[in-house]
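Computed from heavy atoms alone, side chains included, the values below leave out hydrogens, waters and symmetry copies.
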Amino acid sequence: MWLTTSSVGRKVVMSLTGLFLILFLTFHVLMNAVAIISLDAYEAVCEFLGANWYALVGTAIIAAGFVIHIIYALWLTLQNRKARGNDRYEVSSKPASVEWASQNMLVLGIIVLVFLILHLVNFWAKMQLPEVIGQPALSGTEALEAAFSQVWLLPLYIIGFAALWFHLTHGFWSAFQTLGTTNDKWICRWKCIGWWWATIVAVLFAVEACYLTWFFAC
């Protein structure tokens, strides 16, 4: 199948899973904003998204999206390095037109992955997973307090959000370019839209983390 046998197909899979995860991040940052407005409302959302069948199906789909995106990212990186061979060691400078993020997408992706694991340990493993295996689980508010009462976690979250911002500002427009929805005019538009979207999401995440740390730790 061309989605797995060709580099173009693999890039298409990367783009589609990336855009899917962009939708998830948008939902997630808006859900977190509810906690700032009302903890009771946030609790209601968490109860709705508990261990119900639709929430479990959604979690499985999101997890599959992350796993496929990561696998294909590593696959394409290894393929590109193999194709370049020793040439990559002979390059002493990069064109000014090449973005820093595009040169370091793998490193940024690894940082985001480590951050994701940390986030899952602090929330999913204490909220939804215990419900699935029949163990006592933390409520949404309890999970927030357990995580953000630890002040040392805040710098790690900020680093994760910064890496996510760099990863998204490149990945957003690159996905649309791979899917053939760009031209000389639209490539600039997608870059602008991607920059603003990634900035709003990353800043909102950071503000939410800072506020919740202040609320629960101070």
Response to the item:
Between the CG atom in Leu120 and the NZ atom in Lys126, the distance rounded to the nearest 0.5 Å is 12.0 Å
Discussion item. I want to know whether Trp75 and Tyr72 have ring centres closer than 6.0 Å.
Written reply: yes
Item to complete: With sequence neighbours excluded, tell me which residues meet side chain to side chain donor-acceptor pair (under 3.5 Å) with Gln128.
Response: Thr59, Trp124
Return all side-chain donor-acceptor pairs below 3.5 angstrom for residues 37-45, not counting sequence neighbours, or 'none' if the list is empty.
residue	atom	partner	partner atom	Å
Ser38	OG	Asp40	N	3.4
Ser38	OG	Ala41	N	3.2
Glu43	OE1	Thr141	N	3.0
Glu43	OE1	Thr141	OG1	2.8
Glu43	OE2	Gly140	N	3.0

Practice prompt. Indicate yes or no: at least one non-hydrogen side-chain atom of Gln177 is less than 4.5 angstrom from one of Trp173.
Written response: yes
Discussion item. My understanding is that only residues two or more places apart in sequence, or in another chain, count here; which of them pass side chain to side chain donor-acceptor pair (under 3.5 Å) with Glu142?
Written reply: Ser139
Worksheet item: Got a second to check how far Trp195's CH2 is from Ile200's CD1, nearest 0.5 Å?
Response: 9.0 Å
Worksheet item: Which atom pair, heavy atoms only, marks the closest approach of Phe172 to Phe176?
Response: O-CD1, 3.2 Å
Worksheet item: Leu138, Leu49: one ILVMFWY side-chain cluster at the under-4.5 Å cut-off?
Response: no
Worksheet item: Taking only residues two or more places apart in sequence, or in another chain, which ones meet Ala198 in a side chain to side chain contact (heavy atoms under 4.5 Å, CB included)?
Response: Trp165, Leu168, Thr169
List, one per line, each side-chain donor-acceptor pair under 3.5 Å for residues 149-161, sequence neighbours excluded.
residue	atom	partner	partner atom	Å
Ser149	OG	Glu145	O	2.6
Gln150	OE1	Trp152	NE1	3.3
Gln150	NE2	Ala146	O	2.8
Tyr157	OH	His119	ND1	2.9

Discussion item. Phe48: which residues meet the side chain to side chain contact (heavy atoms under 4.5 Å, CB included) condition with it, sequence neighbours left out?
Written reply: Tyr54
Discussion item. Going by ring pair (Phe, Tyr, Trp, His ring centres under 6.0 Å), name the residues that satisfy it together with Trp186, two or more places apart in sequence or in a different chain.
Written reply: Trp190
Would you list the atom pairs, donor with acceptor, under 3.5 Å between side chains in residues 13-27 and any protein atom, with sequence neighbours excluded?
residue	atom	partner	partner atom	Å
Ser15	OG	Lys11	O	2.9
Thr17	OG1	Val13	O	2.8
Thr17	OG1	Met14	O	3.1
Thr17	OG1	His69	ND1	2.9
Thr26	OG1	Ile22	O	2.9
Thr26	OG1	Trp197	NE1	3.1

Discussion item. Restricting to non-hydrogen atoms, name the atom on Ala33 and the atom on Glu208 that form the minimum distance, rounded to 0.1 Å.
Written reply: N-OE2, 3.2 Å
Discussion item. Can you list everything that forms a side chain to side chain contact (heavy atoms under 4.5 Å, CB included) with Trp196? Sequence neighbours excluded, please.
Written reply: Cys192
Worksheet item: Would you say the side chain of Ile71 lies within less than 4.5 Å of the side chain of Val67, judging by non-hydrogen atoms?
Response: yes
Discussion item. Let me confirm one number: the CD1-CG distance from Ile61 to Leu56, rounded to the nearest 0.5 Å.
Written reply: 11.0 Å
Indicate every side-chain donor-acceptor pair of residues 109-118 with a distance under 3.5 Å to a residue at least two apart or in another chain.
none

Worksheet entry | Members sharing Val207's hydrophobic cluster (side chains within less than 4.5 Å) | Val203
